[in-house]
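Report on one structure; see the data block that follows.
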Amino acid sequence: MPLVVNMKDAFVHKMSLRRKKGVFLIGVVCSLFFLQIHIQNSLFRYQSDQEESFLYLPSGAYLKPIALGYDQVLADLLWIKTVSYFGGHYMTDQNYPWLHQMLNVIIDLDPRFDFPYYFGGIVLSLEASQIENANKILERGIQAYPEKWEYPFYIGFNHYYHEGNAETALPYLERASALPSAPDFIRSMMGTLYTKTKSKDMALRFFREAYQNTKDENIRQKIAEKIEALLAEESKNAESD
Amino acid sequence: MQRAIETHKLGKVFRSGFLLKKIPALSDVSLNVEPGTTFGFLGPNGAGKTTTIKLLLGLIRPTFGEARIFGKSVDEVSVRAKIGFLPERPYFYEYLTGLEFLHFCGELFGLNQTDRSRKIESLLNLVHLKGAEHTQLRQYSKGMLQRIGLAQALINDPVLVVLDEPMSGLDPIGRKQVRDIMLHLKEMGKTIFFSTHILSDAELICDQVAILIKGTLKSQGKLESLLDPKTYSIDVCLRGVAPEKFQTIESISNTVVCHNETYTVSVSDESCLSRLLAWVIQEKGQLISVTPRKESLEDMFLEEIQESTR
Amino acid sequence: MKAIRAIAVNTFKEAIRNKILYSLIFFAFIMMLISLVLDQATVGQRNKIIKDLGLGSINLFGIIIAIVVGINLVYQEIENRTIYPLLAKPVKRGQYLLGKYFGILLTLFVETLLMSFFLFLLVLFYEGRIDFYLLLSLATIFIEIAVISAVAIFFSSFSTPFLSGMFTFAIYIIGHLTEYLKQFGNDSGSFLLEKITLFFYYVLPNLERFNFKAEAVYHLSVENDKLVLTILYGVIYITTLMILSVVNFERRDFK
């Protein structure tokens, strides 16, 4: 059966040829892959000396119709992009020139997405020191969620804490405390602010009202102490006059 | 001399579905096709004929065994330069015209423009498609597609022509046209390997046949040697004898069929025949024909299938 | 080489006669409509927006055609059995696949060229001059399209059109986010997550690299080295994909 032997030889030969070809191909693919990694890394260097392509971020008003009903998804993707943008700059230059614009686009696309409001209100003011931008975003938050006490409270907080302006802060705090879900500490904070603005009449009136409305015994106690201190101060002032 | 086709214990197991279930399609097929023969590859649908042909052309890889064409492994691309192939129920690029398609095929063989034009001209005449070459292939009829398929298979002047079911799905005229082309190729001395499940086609043109049933080769050889040379029976056609007279020949034959006052009587051997003929003369009957019935491919085919299902 | 060219030309012819280029009319229509609507909008911004949307639509149309044609090309030939007589001829499977790929590239190139021509006309009409900066973005858009068609061919070398389409589309989306993926891994603080994201960062195509739209529209300067590296990146990525596709394709049985 010479034919069979011949075929077997050919078969073995073919196998070894195939294997050689396979090894060669794996080699080629691997070297191409490493070359590709190298190029990617070189290209990465070009990126850092250039501003991110958010230059290109269109306003949400344009984006929304193009999103074809995927506006929430688009907002989510942008949100992921925003968080990583924040993370990236937090680790490096702590400079966030595009943050507020990105947040605004997200809000345009998906106004019921509440986290960007908190994020913008706190991070933009505390971390990026863009008080005005932070307050604008919070104002939009109030529009979208008028029942949430946090947004007016943060605006008030930003006015007082960052700008030291209790006069502009008070109306927002009042608005926040008037909401049913507002916690009691806002009232005491407002009392402090009224005291600071020297309109003691207002402060007293406010504390008395607060005293009546508050049910928590501890806080009532604290408010009572404030009222007494105010009254004491008033009588002292009257004496010195 | 190198054999045109030679397979050694060729086998194929397909893996299919998510779990890669094993489906055996072909096992232990050892074929030998000598150059210059017209080889019929017979078998019922689903026997594995197309699988074998695809293995021969390197379209699928064998699980076991090996196939060679003119002594070379079918994995070698160069070997295909000598082959012309017509697939089963061919379907070509719809939007090409017949002429463009043939030129494209010629280019794949590396033929230059002038050679192609010359070859295509003669092929169009051979397959009777002159005049239809500027029509897009999607407007071709089934028979025309089959014939343009034959033309593309012949563009490289192949030594071996492999045709998969060349006559299936065609009307009688289409079948005759294809058969005539095949006979023409045979005259030209080409080796033809074709599969079919239509036995009369094979009987008319084959020198050699192989029968494939359920993925295994049942028999292979010269058509005459595969068929039993012994006569099965002899049919005698006659008329002019009164029906009641047939009772007297019960001892000679018990199969009498009457149709339009013509009687066909089957007898089993020559001695019965002479007795029957004497009886016809005696009864003053009119003899129409005497036909000996030999085993046909059809009978053999059925026998093989019955055996394998038993 | 001759066989590759023949197959490429044939693929191109088939695609053209399949009326793929009719999508151009759609593109032109959308662009005309948008520019007409924008005519009512603010002056000055209009030119920018036409360029933005023009580049964006060329990109999107190119990608969609690349995916749709890419995933169906090989599969249809197997389904329709048009591939059998081809591969029964002295044509290597690698040659066949390369021919098909170049055929799609040729189709997409013509399509991109015609769309670009239309965009240039529109810009010329509104701005009064031809903005050659756009060529930069158009060239890199074409590289991205070429990468995506290679991805489509790669998937279709072993998968069904539906799955290939899904995979290719997913790669297209993720390919634009790999930078963030890597950043995310870095920030996560988890060693494993960092390595996994880094792996995907290098394995998946970084398609943001081919995005020069801002540079083109705002006429920002681009270093030559960066451009060369970007092109090289695309070419190497495509080469790797095509080698893998051919390997897959050669092992394949055509049932």
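Per chain, numbering begins at 1; letters A, B, ... match sequence-line order.
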*asked:* Given heavy-atom pairs under 4.5 angstrom as the criterion, report whether the side chain, backbone, both or neither of C:Val247 touches chain A.
replied: side chain
_Under a 3.5 Å cutoff, is there a donor and acceptor pairing between the side chains of C:Asp131 and C:His219?_
yes
_Part of C:Asn186 within contact of chain A (heavy atom distance under 4.5 Å)_ = neither
*Side chains of A:Tyr151 and A:Gln143: is there a donor and an acceptor less than 3.5 Å apart?*
no
_Heavy-atom cut-off 4.5 Å, strictly under: side chain, backbone, both or neither for C:Ile243 against chain A?_
side chain
*May I ask you to decide if the ring planes of C:Phe167 and C:Phe155 are parallel, tilted or perpendicular, using 30° and 60° as cut-offs?*
tilted
*Count the heavy atoms belonging to other residues, nucleotides or ligands that lie under 6.0 Å from CG of C:Asn224, then report whether that count exceeds 12.*
no
*Aromatic plane relationship, C:Phe118 with C:Phe27 - under 30° parallel, 30 to 60° tilted, over 60° perpendicular*: perpendicular
*Mind ranking A:Val29, A:Ile39, A:Leu35 by heavy-atom pairs under 4.5 Å with chain C and telling me who comes out on top?*
A:Ile39
*asked:* Please rank C:Val203, C:Leu229, C:Leu244, C:Thr230 by heavy-atom pairs under 4.5 Å with chain A and give me the top one.
replied: C:Leu229
